[in-house]
Amino acid sequence: MNEKGSSLLVVLITVTVFMILGVSLLTVALGGTLRTQVQLDRYENIYEGKEQLDFLIAKFKEQVVEIPLKTEDLPFKYQETLDTIVDDFEEYPNFIANDVTHLYTDQQQELFTRIYEFSVVYGEAPNIKTVKKRVVLSPAPSFLDYALGSYSVEEDEGRLNIQGSPNVDGDVIANQLLIKNEAEFIDLNGPGTTSTPFTAINGKVDVQNNIKIKDTNTAMEELNIPAEWLPTDKLLPAFFYQLAKPDVYSSNEDFVHVDFKQTYLRVLNEQLSPPEAVLTSDLDSGDSLQAIRDKVGVMDESTSPPGMQGDKLLLDTETINSINGPIVYHHPVAINSAVGPIVIDKEMVINGDLAITAAFNNSVSIKKPLVVVGDLTIDLADTPVDISGTVVVHGDIKINGNEETAGIGSENDTIKFDSVVYAYGESFISNTNIEGIDETKQLVLFSNGPLTITRINEFNDFNIEQENENIYDLSNESTPLKAFFYTEDKATLYGVGSMFHIHGGLFAKKELTVNAVRGNTGRSTTITPTLNQEGMKTRFQVVHDPNVLVSQVARLPVADRLRVIVDDATIK
């Protein structure tokens, strides 16, 4: 009997344990199902919220692109038109529109640019989600939307040649695109080439005419893919780094070009007024320089006479402080910080060449707009320079850092900008870092002539040569050049011996050629790239910076119609 009672107790205990386990498993499964359902509800709310927000932004865009941009409509009539369009969306109860332009500029009354935060609140408690996007209305030209580009209405222009293996984090546009797994370079032995992987592109690629593919590792002939084939996706992943093929297409959207010469004349007139005389001279004629000099010539010259440096007037701190109003000289001028730091908090008009030299760790700071009717040369000898405001140069602009010993240490010359620069001649930048005055600022350089950027971090090694998990993460490596570069002409850049990491964008109207290898190239005056470059960091990277549309809002060229630029969604 005792044994029977014992067996019954064991059975009861076993059944109880299994019942408890069953209930526990059922509870866990039910909890998992509920959590899964909650998560599904959240994802569904996010998806539906994004879908509705995209629909409303598309409706908004359809209306605002039809608004005529007339200066006489600023600010009241223009603002009333926008307010009417936004108010019409009140019928959507979950939609919120905030005008945040005032957070980016205090010149809203004089500008067509507007910055909105559009958001949609979707779902029911506790699964409410807010999907938000920043929407920028801007008359600025389209090239600022791209990390890399070459585009023109002329059929023989707009050639973008990607030779080697740069990283492009952002969208790309070209009339004609060449992709080749071979980079060109120039060293003491002359021109050379080296085999590389193909390019990495994290963005959309808009090609208007055709794409040419050259695989130098095979006997395959150069592929020529017409733009009309692109919708059927004829481009193979094998022609991109790590087989990561971007979305390649041929867009029919209008591209808003820069009218450089008209923009240049408008900005120059703004900087030189008063007097009220307006320059309308043909900039291509031989009389254009004289016409500009004649206009500047009626401006009263500053009365405090500076000393001399060679054939130039030497503008020192004492002279600067003694001048009331703008600084105007009708002679070549030199600014040299060898004796002490120099701060110029006055507008300057130099009717001749201007040479700025920063040396002996005495910084040079230019805080107001600058006009140079000649060449502007900036030389940095391990000493910082910072420039704010609009800069107009009718000649060439040259920015030169001093040359470091090959491969020893990183580039230590730095020029900081919160500025848009218009150069009618050529633009040349060498041996220097370009940074923003602060994290939100940068340089935007418009050049009518060819653009040359060379010897940046020349022959420097990476701190860690192997790529990070995110191949576009180059933190703790060289300082990025915070700039947008635009030229009406051609530009060729070499990320082979040099190390280019650009936070902004590159655009050449006629032809842009980028050469890049991966990994170190040896501490030498000759170039010896790594043989196996797979998995190595690139020496040429461009990361698009959309903030230029708001950080330089008052200084950018103005087109004839608004564009709507939409940032990525944020979700809370």
Side-chain angles (χ1 to χ4, degrees), residues 141-184 193-258 450-451 485-495 505-516 538 540-542 544:
S142 295
F143 85 91
L144 292 165
D145 297 348
Y146 299 93
L148 210 62
S150 182
Y151 187 70
S152 172
V153 294
E154 303 295 332
E155 289 188 4
D156 61 339
E157 297 180 350
R159 298 184 297 275
L160 175 58
N161 307 313
I162 303 179
Q163 301 180 158
S165 193
N167 285 356
V168 183
D169 191 4
D171 293 344
V172 174
I173 189 169
N175 283 16
Q176 306 165 55
L177 175 63
L178 168 67
I179 297 175
K180 183 167 68 171
N181 57 346
E182 180 183 68
E184 298 177 358
T193 61
T194 182
S195 181
T196 70
F198 281 103
T199 183
I201 300 178
N202 180 34
K204 297 178 181 178
V205 180
D206 185 353
V207 179
Q208 299 299 306
N209 292 343
N210 66 295
I211 298 179
K212 292 183 179 180
I213 306 289
K214 180 62 177 176
D215 187 347
T216 59
N217 294 329
T218 69
M220 179 185 72
E221 294 185 2
E222 183 177 88
L223 290 178
N224 186 10
I225 304 172
E228 55 266 26
W229 288 10
L230 297 179
T232 59
D233 207 320
K234 295 292 184 181
L235 204 56
L236 300 176
F239 301 129
F240 294 93
Y241 187 62
Q242 296 181 348
L243 306 181
K245 187 181 81 65
D247 183 13
V248 184
Y249 65 105
S250 183
S251 170
N252 293 319
E253 291 187 9
D254 290 337
F255 185 93
V256 179
H257 293 270
V258 176
L451 169 67
F485 300 102
Y486 172 96
T487 174
E488 287 277 296
D489 208 286
K490 298 179 180 180
T492 301
L493 292 88
Y494 298 92
L506 275 170
F507 190 96
K509 189 174 180 180
K510 290 184 178 179
E511 184 172 26
L512 174 60
T513 302
V514 172
N515 295 277
T538 184
F540 195 111
Q541 172 163 291
V542 182
H544 182 249

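Numbers for residues simply follow the sequence, beginning at 1.
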**OP:** Return the minimal non-hydrogen interatomic distance between Leu236 and Lys245, and the atom names on each side.
**Re:** C-CD, 4.0 Å

Subject >> Minimum heavy-atom distance Val205-Pro246, with the two atoms named >> reply: CG2-CG, 3.8 Å

Original post:
Does Lys509 pair with Glu488 as a salt bridge, N-O distance under 4.0 Å?
Top reply: yes

Subject >> Test item: Thr199 side-chain N/O and Pro166 main-chain N/O as donor-acceptor pair under 3.5 Å >> reply: yes

**OP:** Check whether any side-chain heavy atom of Leu230 sits under 4.5 Å from a side-chain heavy atom of Val207, and report yes or no.
**Re:** yes

Subject >> Lys180 side, atom NZ; Asp215 side, atom CG - distance, nearest 0.5 Å >> reply: 11.5 Å

Original post:
Just by distance, do the side chain of Ser142 and the backbone of Val256 share a donor-acceptor pair under 3.5 Å?
Top reply: yes

Original post:
Do Asp206 and Gln208 have side-chain N/O donor and acceptor atoms under 3.5 Å apart?
Top reply: yes

Original post:
Taking atom types as modelled, is there a side-chain donor on Gln163 or Asn515 under 3.5 Å from an acceptor on the other?
Top reply: yes

Original post:
Judged by modelled atom types alone, do Ser195 and Asn217 share a side-chain donor-acceptor pair under 3.5 Å?
Top reply: yes

Subject >> Exercise: identify the closest heavy-atom pair between Ala516 and Phe540 >> reply: CB-CB, 3.4 Å

Subject >> Point-to-point distance, once rounded to the nearest 0.5 Å, from CD1 of Ile179 to CD of Glu222 >> reply: 11.5 Å

Original post:
Does the ring center of Phe143 lie less than 6.0 Å from the ring center of His257?
Top reply: no

**OP:** Kindly compute the distance separating CD (Glu157) from CD (Glu511), expressed to the nearest 0.5 Å.
**Re:** 10.0 Å

**OP:** Please check if the distance between the ring centroids of Phe507 and Tyr146 is under 6.0 Å.
**Re:** no

Original post:
Between Tyr241 and Phe198, is the gap from one ring center to the other below 6.0 Å?
Top reply: no

**OP:** Go through the steps for Leu177 and Ile162 under the test side-chain contact (heavy atoms from CB on, under 4.5 Å), then give the verdict.
**Re:** CA-CA 8 Å; Leu177 175 63; Ile162 303 179; 4.0 Å; yes

Subject >> Pairwise distance CG(Asp171) to NZ(Lys204) - rounded to 0.5 angstrom >> reply: 6.5 Å

Original post:
Measuring from Ile213:CD1 to Glu221:CD, what's the distance to the nearest 0.5 Å?
Top reply: 14.5 Å

**OP:** Please check if any side-chain donor atom of Asn181 sits under 3.5 Å from a side-chain acceptor atom of Thr216, or the reverse.
**Re:** yes

Original post:
With a 4.5 Å limit on heavy-atom distance, are the side chains of Asn161 and Leu512 in contact?
Top reply: no

Subject >> Side-chain heavy-atom pair Pro237, Phe240 within 4.5 angstrom cut-off >> reply: no

Original post:
To the nearest 0.5 Å, what is the distance between CG (Asn210) and CG (Asn224)?
Top reply: 5.0 Å

